[in-house]
Amino acid sequence: MTDTTLAPAASRSRSLPRINGRAIVMTLYLLFLLLPIYWLLNMSLKTNTEILGDFTLWPRNLTFANYATILTDPSWYTGYINSLIYVVMNTVISLTVALPAAYAFSRYHFMGDKHLFFWLLTNRMAPPAVFALPFFQLYSSIGLFDTHIAVALAHCLFNVPLAVWILEGFMRGVPKEIDETAYIDGYSFAGFFVKIFMPLISSGIGVAAFFCFMFSWVELLLSRTLTTVDAKPIAATMTRTVSASGLDWGVLAAAGVLTIIPGALVIWFVRNYIAKGFALGRV
Amino acid sequence: MNKTVNHKAWFLVLPVLVLVAFSAVIPLMTVVNYSVQDTFGNNQFFWAGLEWFDEMLHSDRMWNALGRQLMFSGIILAIEVPLGIFVALNMPKSGFWASFCLVLMSLPLLIPWNVVGTIWQVFGRVDIGLLGRTLENLGIDYNYTQSPLAAWITIVVMDVWHWTSLVALLAYAGLKSIPDAYYQAAKIDQASRWKVFRYIELPKMAGVLMIAILLRFMDSFMIYTEPFVVTGGGPGNATTLLSIDLVKMALGQFDLGPAAAFSIMYFLVILLISWVFYTVMTNLDKKGM
């Protein structure tokens, strides 16, 4: 863990002469990050005539019609529901299997542990493009094509390794004496794990859940390949609209804004662990 | 932490093993299967040996895609790593503004990849996009659907926009781990700002940066959705990166043999990089970082 606190006074005195420079750099960088997002938000609040007609930096005729379209048209909002269903399923499955495995990796040496840990990593790194066609055939052949569970299982390919790595990173921070004391106190393994250990690493579980949710939510290639109608994710709904003629830019922009919201809502809670999560539990 | 030897721990990893084997090994075996067989349709397959590998190794198409891919990964690393370090050095150290910057910087990381593509597709359009319109008004000829250069600039800027924050966040985590005493010592020695960076901050960030570089290299190496949404691989084949080409071959043209051989070689490269990544990680763990 690198969360050592800095003495604020010392760092401030060091950075005092360049504080303005710092503020300018950060402002410019954040502006660069937010401008494209602002543009999407801007477009989502305009009518199509305003988008295509006058070039305006903010909506002159503020309208929520685009959002209303999405929230009332089943072909749009079922996309969100489908996405949410498989993302939640994936998060639950990933965490359930990853928790005991991460515990084993953080506490014990066993035959082939290093190879297994490495092999898990290679799956996180595997290009989804390689797996798109085989997944399509696999899930078609077992009759799971176009179901939520198929996408949820497919996303386990990279989310289970991610969850194992993140959780292992958190679990190694818990002293082993706690386990031993609990066993002496007569807890069974399951009792200890659920009642004592899991509360201790609750922040780690939260972070792992967040990252599973996120990586499943942002992925498109596999979820699009594995679905046609019944489980079609919102992301695929959007790309199909792009390729159609007579594009409705306002609705497309509103759909985009709505996909950003789930991540934006919870980001505050995991802000201190973002780096750790992206670096697979290390750092 | 000293771990005890316990082979029964295998039972704890068994669920993961079964699940990941189901979603990784079976599909991978399918790919291997296709890579050594040929078909005349009707689901009749013939042993083709290493023919497809031979064909792919001598196909300009794959080498060109690989060349474009390496160029893309090289360019984005050359921009994102220095920029990320620079941003991390300028981030507030603590307090509300540090959290504020962290949250806003993470925002692009959490946007679905196709929406990232959509955002930049719209942003760069000359008729309705802020960027495209501004450049046009400045008299710069910019049209990413026709000019390969403009298409490249668009996908590179998009990736920089999308992922620089990751490098910055990791570098920032590394910086925060430097004890304040180091800076005080440097101050006593009257070290210049550059020397503080070169001899204190950079060595302390080295491990974290290595992770950042490997992650960025690997993720950019298998990038698909974002450039696909913006340019669709075009104009022509100008932005057809490895994954885009592979999906085109496997799902578009259904050339199973070549696509499978392609996949396996692709996967071997990834395996090699993963191994480097793993070695770096375990070395870091040993150092107790």
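Letters go in sequence order (proteins before strands), and every chain restarts at 1.
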Atom CZ of A:Phe32: over 12 foreign heavy atoms under 6.0 Å: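 More than 12 heavy atoms, drawn from other residues, nucleotides or ligands, come within 6.0 Å of this atom.
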side-chain contact (heavy atoms from CB on, under 4.5 Å) assessment of B:Leu170 paired with A:Phe278: CA-CA 9 Å; B:Leu170 288 173; A:Phe278 274 107; 5.6 Å; no
Given that the side chain runs from C-beta out, which part of [X] has a heavy atom under 4.5 Å from chain A: side chain, backbone, both or neither?
X        : result
B:Val116 : neither
B:Met105 : both
B:Leu130 : both
B:Leu215 : side chain
B:Arg125 : side chain
B:Leu19  : side chain
B:Met91  : both
B:Val25  : side chain
B:Trp97  : neither

Which one wins on heavy-atom pair count under 4.5 Å against chain A: [options]?
options                               : result
B:Ile128, B:Val20, B:Ile270           : B:Ile128
B:Asp127, B:Val247, B:Leu271, B:Val87 : B:Val87
B:Leu109, B:Thr225, B:Leu17, B:Thr30  : B:Leu109
B:Pro27, B:Cys101, B:Ser165           : B:Pro27
B:Gly95, B:Ala9, B:Ala212, B:Pro15    : B:Ala9
B:Pro92, B:Ser106, B:Ser243, B:Pro108 : B:Ser106

A:Asn272/B:Leu102 under side-chain contact (heavy atoms from CB on, under 4.5 Å): CA gap, chis, key distance, verdict: CA-CA 8 Å; A:Asn272 292 323; B:Leu102 273 178; 4.0 Å; yes
Less than 4.5 Å to any heavy atom of chain B: does that hold for the side chain of [X], its backbone, both, or neither?
X        : result
A:Tyr29  : side chain
A:Met125 : both
A:Val257 : neither
A:Met214 : side chain
A:Phe131 : side chain
A:Tyr103 : side chain
A:Leu30  : side chain
A:Ser94  : neither
A:Phe189 : side chain
A:Ile261 : neither
A:Leu157 : both
A:Phe193 : neither
A:Leu28  : neither
A:Leu99  : neither

Under 3.5 Å donor-acceptor, A:Arg22 side chain and B:Leu89 backbone: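 Side chain of A:Arg22 to backbone of B:Leu89, a donor-acceptor pair under 3.5 Å: yes, one is there.
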B:Tyr278-A:Thr122 side chain donor-acceptor pair, cut-off 3.5 Å: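 There is no such pair (donor and acceptor under 3.5 Å, judged by atom type) between the side chains of B:Tyr278 and A:Thr122.
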Test item: side-chain donor near acceptor, A:Gln137 and B:Tyr34, under 3.5 Å: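 The criterion, which ignores hydrogens and geometry beyond distance, is satisfied for B:Tyr34 and A:Gln137.
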Rounded to the nearest 0.5 Å, what separates atom [atom1] in [X] from atom [atom2] in [Y]?
X        : Y        : atom1 : atom2 : answer
B:Leu246 : A:Leu133 : CG    : CG    : 9.0 Å
B:Leu107 : A:Leu33  : CG    : CG    : 8.5 Å
A:Ile267 : B:Ser99  : CD1   : OG    : 11.5 Å
A:Ile142 : B:Phe22  : CD1   : CZ    : 4.0 Å
A:Phe118 : B:Met281 : CZ    : CE    : 12.5 Å
B:Asp219 : A:Arg124 : CG    : CZ    : 5.0 Å

Largest heavy-atom contact set with chain B, pairs under 4.5 Å, which of [options]:
options                                : answer
A:His109, A:Arg271, A:His155           : A:His109
A:Ala255, A:Pro127, A:Pro161, A:Ala104 : A:Pro127
A:Ile93, A:Val160, A:Thr96, A:Val270   : A:Val160
A:Pro262, A:Ala163, A:Ala126           : A:Ala126

Check against side-chain contact (heavy atoms from CB on, under 4.5 Å), A:Leu121 and B:Phe277: CA-CA 9 Å; A:Leu121 176 74; B:Phe277 185 91; 3.6 Å; yes
side-chain contact (heavy atoms from CB on, under 4.5 Å) evaluation trace for B:Phe228 with A:Leu221: CA-CA 10 Å; B:Phe228 181 76; A:Leu221 178 57; over 6 Å; no
What pair of heavy atoms forms the shortest contact from [X] to [Y], and how long is it?
X        : Y        : answer
A:Met111 : B:Trp10  : O-NE1, 2.9 Å
B:Trp120 : A:Pro36  : CZ2-CG, 3.7 Å
A:Trp119 : B:Ala21  : CH2-N, 3.9 Å
B:Leu110 : A:Val218 : O-CG1, 3.8 Å
B:Pro112 : A:Trp217 : CG-NE1, 3.6 Å
B:Ser263 : A:Val130 : CB-CG1, 3.7 Å

pair A:Met43-B:Val122: side-chain heavy atoms closer than 4.5 Å: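 Answer yes - side chains close enough.
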Mutual orientation of the aromatic rings belonging to B:Phe96 and A:Trp268 [parallel < 30°, tilted 30-60°, perpendicular > 60°]: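 Because their plane-to-plane angle lies in the 30° to 60° range, the rings of B:Phe96 and A:Trp268 count as tilted.
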